[in-house]
S.K.: 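So that we are looking at the same thing, I have put the structure below in structure tokens.
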2 protein chains.
Amino acid sequence: MEERIDRIKKQLHIAGYKLTPQRESTVRVLLENETDHLSAEDVYLLVKDKSPEIGLATVYRTLELLTELTIVDKINFGDGVSRYDLRHEGAQHFHHHLICISCGAVDEIHENLISDAEKVVEERYGFKIKDHRLTFHGICHRCQDKE
Amino acid sequence: MEERIDRIKKQLHIAGYKLTPQRESTVRVLLENETDHLSAEDVYLLVKDKSPEIGLATVYRTLELLTELTIVDKINFGDGVSRYDLRHEGAQHFHHHLICISCGAVDEIHENLISDAEKVVEERYGFKIKDHRLTFHGICHRCQDKE
DNA sequence: GTCTTTGCAAAACGTTTGCAAAGTA
DNA sequence: TACTTTGCAAACGTTTTGCAAAGAC
């Protein structure tokens with residue numbers, strides 16, 4: 001936890017930014033809820049519990065900054081809000097998501113499922129890949145068991 | 001063109017809806033701009049050229065309806081607007097996208113690049129896939145040539 | 001003292017909704 | 001007639017912005 005905060009602090013400094021108390025609170029909330037997919041509002045409410053003076057705009061600005069530095073990834077599951085997901089330590093690729101259309105759960109897949117696809121895209125389409133988004137929509141194993 | 005309109009008309013009728021002039025204009029715009037990735041506003045402006053009386057709300061309602069019937073797919077490239085993409089005739093899977101972070105171009109890939117990944121997801125994660133979204137972000141071949 | 005960051009409120013933006021009028025079977 | 005669809009304007013929810021105050025180096 002503390003090492004990860006430290007590393008993020010360094011990343012900010014290198015880019016010319018400070019890890020202010022508000023930014024640190026925001027980062028901590030993201031770290032403590034790493035498997036969730038929090039919206040800016042979600043983050044704001046959680047940060048507010050511990051630092052009630054924080055403003056929503058600051059949370060938005062912090063999330064934008066973290067996105068720029070690829071510390072978090074901004075994702076959109078099509079429900080009208082952006083969600084923010086910490087990029088995993090040393091992961092060169094953004095993980096994939098399984099969205100259950102029955103219960104709404106969002107599960108993560110951390111193994112790389114598309115290295116073959118990437119090869120095709122780079123070689124056959126001459127496209128230099130920097131990032132990707134892969135999301136499956138369907139029925140999760142829990143909802144299938146219920147039936 | 002006309003056959004595709006007819007087929008969509010039938011799909012609407014089966015589901016209990018009519019192909020009104022406004023809906024037809026909207027569908028025509030989508031067909032005429034099939035490789036683009038139009039936002040609701042884009043569609044509205046194009047429809048307005050030919051049918052100036054149409055309202056933006058009608059376009060939104062039509063696009064929502066077409067999405068429900070899986071005639072179009074609603075996609076979100078993370079720029080704050082939903083875009084609408086005609087599902088290809090007989091395509092059992094939604095196509096993939098290459099987004100150039102240099103020039104903003106969005107290219108489509110119609111071959112299925114992720115059948116292996118889908119197998120893994122279904123078998124190893126017990127997830128019943130209904131749909132997917134795969135987008136690559138990077139530098140397109142045109143921008144690479146420019147350098 | 002300069003430059004960055006913050007909180008607040010207002011504004012902006014895309015999208016949805018209520019409703020009365022128009023259209024359709 | 002009963003039901004669907006439309007256009008308009010207003011409302012909505014999320015995100016961004018202007019600005020003066022506070023903070024950091």
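In what follows, every chain begins at residue 1, and chains take the letters A, B, ... in the order their sequences are listed. Hydrogens, waters and symmetry mates are skipped; everything else that's a heavy atom, side chains included, is used.
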S.K.: Return the 5'-most residue of the pair B:S39, B:T20 with respect to DNA chain C, ranking by each residue's nearest nucleotide.
M.R.: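 Whichever sits nearer the 5' end wins; that is B:S39.
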S.K.: Would you indicate what B:E41 reaches in the nucleic acid, counting non-hydrogen atoms under 4.0 angstrom: base, sugar-phosphate, or nothing?
M.R.: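 If one applies the 4.0 Å heavy-atom cut-off, B:E41 turns out to touch nothing in the nucleic acid.
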S.K.: Tell me which nucleotide among C:dT15, C:dA25, D:dT15 gets nearest to the side chain of B:K18.
M.R.: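 The answer is C:dA25.
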S.K.: Looking at residues 70-86 of chain B, who's got a heavy atom less than 4.0 Å off DNA chain D?
M.R.: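 Nothing qualifies; none.
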S.K.: Should the pair A:D85-A:K74 be classified as a salt bridge under the 4.0 Å nitrogen-to-oxygen rule?
M.R.: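 Between A:K74 and A:D85 there is no salt bridge, as every charged N stays at least 4.0 Å from the carboxylate O atoms.
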S.K.: Which of residues 45-52 of chain B have a heavy atom under 4.0 Å from DNA chain D?
M.R.: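 Heavy-atom cutoff 4.0 Å gives no residues at all.
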S.K.: Indicate yes or no: at least one non-hydrogen side-chain atom of A:R83 is less than 4.5 angstrom from one of A:D42.
M.R.: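 They are in contact (side-chain heavy atoms under 4.5 Å apart), so the answer is yes.
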S.K.: When you check the gap from the basic side-chain N to the acidic O, do B:E32 and B:R28 get nearer than 4.0 Å?
M.R.: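 Salt bridge absent between B:E32 and B:R28.
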S.K.: Which is true for A:E64 with a 4.0 Å heavy-atom rule: it touches a base, it touches only sugar-phosphate, or it touches nothing?
M.R.: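 Since no nucleic acid heavy atom lies under 4.0 Å of A:E64, the category is nothing.
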S.K.: Figure out the CD1/P separation between A:I54 and C:dT5, and round it to whole Å.
M.R.: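 So the two atoms are 14 Å apart, to the nearest Å.
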S.K.: Name the closest nucleotide to the B:Y60 side chain, picking from D:dT5, C:dT5, C:dT15.
M.R.: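 From the listed options, C:dT15 comes nearest.
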S.K.: Counting only side-chain heavy atoms from C-beta out, which of D:dT15, D:dT6, D:dT5 sits nearest to B:Q22?
M.R.: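 Closest nucleotide to the B:Q22 side chain: D:dT6.
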S.K.: Rounded to whole angstroms, how far apart are CG on B:D42 and P on C:dC13?
M.R.: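 Whole-Å distance recorded here is 15 Å.
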S.K.: Determine the contact category for B:R61: base if any of its heavy atoms lies under 4.0 Å from a base atom, sugar-phosphate if only primed atoms, P, OP1 or OP2 are that close, otherwise nothing.
M.R.: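 It contacts base atoms.
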S.K.: Contact class for B:E53 (heavy atom, under 4.0 Å): base, sugar-phosphate, or nothing?
M.R.: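 Since only primed, P, OP1 and OP2 atoms lie under 4.0 Å of B:E53, the category is sugar-phosphate.
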S.K.: Quickly work out the A:L12 CG to C:dT5 C1' distance and round it to whole Å.
M.R.: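 My rounded result for the distance is 13 Å.
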S.K.: Rounded to the nearest 0.5 Å, what's the gap from NE2 on B:H141 to CG on B:L98? Could you check?
M.R.: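 Here the rounded value is 9.0 Å.
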S.K.: Can any side-chain N or O of A:S51 pair as donor or acceptor with the backbone N or O of A:I54 at less than 3.5 Å?
M.R.: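 Checking the backbone N and O of A:I54 against the side chain of A:S51, no donor-acceptor pair under 3.5 Å is found.
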S.K.: Which distance, rounded to the nearest 0.5 Å, do you find between the CG of A:L86 and the CZ of A:R4?
M.R.: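 The CZ atom of A:R4 is 6.0 Å from CG of A:L86, to the nearest 0.5 Å.
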S.K.: Tell me whether the guanidinium CZ or amine NZ of B:R133 lies under 6.0 angstrom from the six-membered ring centre of B:F94 and within 45° of its axis.
M.R.: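 Verdict for B:F94: a cation-pi partner in B:R133.
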S.K.: Would you mind reading off the distance between A:Y17 atom OH and C:dT6 atom C1', rounded to a whole angstrom?
M.R.: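 Rounded to whole Å, this separation is 15 Å.
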S.K.: Atom CG of A:L38 and atom P of D:dT15: how far apart are they, to the nearest Å?
M.R.: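 After rounding, the gap between these two atoms is 13 Å.
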S.K.: Taking NZ, NE, NH1 and NH2 as the nitrogens, is one of them in A:E111 or B:R124 under 4.0 Å from a carboxylate oxygen of the other?
M.R.: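 A salt bridge is present here (some side-chain N lies under 4.0 Å from a carboxylate O).
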S.K.: Could you state the atom-to-atom distance from CG of A:L65 to C1' of D:dT17 in whole Å?
M.R.: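 A:L65 atom CG is separated from D:dT17 atom C1' by 17 Å.
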S.K.: Rounded off to whole Å, could you give me the CZ-to-P distance for the B:R23 and D:dG7 pair?
M.R.: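 After rounding, the gap between these two atoms is 11 Å.
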S.K.: Does OP1 or OP2 of C:dG7 have a side-chain N or O of A:T58 closer than 4.0 Å?
M.R.: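 Result: yes.
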S.K.: Report the distance from atom NZ of A:K50 to atom OG1 of A:T26, rounding to the nearest 0.5 Å.
M.R.: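 It comes to 11.5 Å.
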S.K.: Tell me: CG of B:L56 to P of D:dT5, nearest whole Å?
M.R.: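 Distance check: B:L56 CG to D:dT5 P gives 19 Å.
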S.K.: Which is it for A:E108 and A:H96 under the side chain to side chain donor-acceptor pair (under 3.5 Å) test, yes or no, and what are the steps along the way?
M.R.: CA-CA 6 Å; A:E108 301 189 346; A:H96 317 307; over 6 Å; no
